[in-house]
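Note that the structure is a prediction, hence the values are computed from the model and not measured.
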Amino acid sequence: MQAQQPGRAERMRLILTRDGPTCAWCGLDVSGRVPATTDHLVPRVKGGPSWLENEVAACRRCNRLRGHTSPADWLAECLRRGWPADAERVSRVLLALESAIAERGGQRRARAYLDAQLRRVAKR
């Protein structure tokens, strides 16, 4: 049986504790006036789960602009724009998701996408 995931607000608190209070993409402080949103690295439309291991904090602008763009493509776009995208954080969270899927099973739709993103982000 799969362990129950914390609710959205609790996951956000855990994400900010784990990664710090900044947007993974532009580095903006999301602890004050700019609220953090949860950004799924493997998008829900690609089978990505709403698990702590699949989410990073992002400002609303970055989350909206990224849409369903892959993490590897969005990292490249952020760097092109001169933003301090945190490739190490993205890689660490993708690896945590890979481990969580291996442990919990399921997420068949997300696996191929995740594997491709891990390869592409590792090349950076």
Where do R44 and S50 land on the side chain to side chain donor-acceptor pair (under 3.5 Å) test, with the steps shown first?
CA-CA 8 Å; R44 307 273 329 255; S50 287; 3.2 Å; yes

When every non-hydrogen atom of L118 is compared with those of S91, the smallest separation belongs to CD2-O, 4.5 Å

For V121 and A87 the tightest heavy-atom approach is CG1-O, 4.3 Å

Rounding to 0.5 Å, atoms SG (C78) and CG (D86) come to a distance of 11.0 Å

Residue set satisfying salt bridge (Lys or Arg N to Asp or Glu O under 4.0 Å) with R80, at least two apart, ordered chain then number -> E77

Nearest-0.5 Å distance that lies between atom CH2 in W74 and atom CZ in R66
9.0 Å

Roughly how far, to the nearest 0.5 Å, is CG of L41 from CG of N54?
5.5 Å

Among Ile, Leu, Val, Met, Phe, Trp and Tyr joined by side-chain contacts under 4.5 Å, find the other residues sharing a cluster with V34 and list them by chain and number.
M12, L16, L28, V30

Should we count CZ of R18 as having more than 12 external heavy atoms under 6.0 Å?
yes

Restricting to salt bridge (Lys or Arg N to Asp or Glu O under 4.0 Å), what partner residues turn up for R109, sequence neighbours left out?
none

Determine, using the 4.5 Å side-chain heavy-atom cutoff (strictly less than), whether L52 and L95 are members of one ILVMFWY cluster.
no

Between A57 and I15 the two heavy atoms that sit nearest each other are N-CG2, 3.5 Å

Under a 4.5 Å cut-off applied to non-hydrogen side-chain atoms, are R81 and L65 in contact?
yes

With sequence neighbours left out, the residues meeting salt bridge (Lys or Arg N to Asp or Glu O under 4.0 Å) with D115 are none

Please check if the side chain of R120 supplies one atom and the backbone of A72 the other of a donor-acceptor pair under 3.5 Å.
no

Whether R64 side chain and C59 backbone form a donor-acceptor pair below 3.5 Å:
no

Which heavy atom in H68 sits nearest to a heavy atom in Y113, and how many Å separate them?
O-OH, 4.3 Å

Enumerate donor-acceptor pairs with a distance under 3.5 Å from any side-chain N or O in residues 19-27 to protein atoms, sequence neighbours excluded.
| unit_1 | atom_1 | unit_2 | atom_2 | d |
| --- | --- | --- | --- | --- |
| D19 | OD1 | R92 | NH1 | 3.0 |
| T22 | OG1 | R89 | NH2 | 2.7 |
| W25 | NE1 | D39 | OD2 | 2.7 |

Let me confirm one number: the CD1-CD distance from I101 to Q107, rounded to the nearest 0.5 Å.
5.5 Å

Any Lys/Arg nitrogen of E53 or R104 sitting under 4.0 Å from an Asp/Glu carboxylate oxygen of the other?
yes

Salt bridge (Lys or Arg N to Asp or Glu O under 4.0 Å) partners for R8, two or more places apart
none

What distance do Q117 atom CD and K46 atom NZ have between them, rounded to the nearest 0.5 Å?
9.5 Å

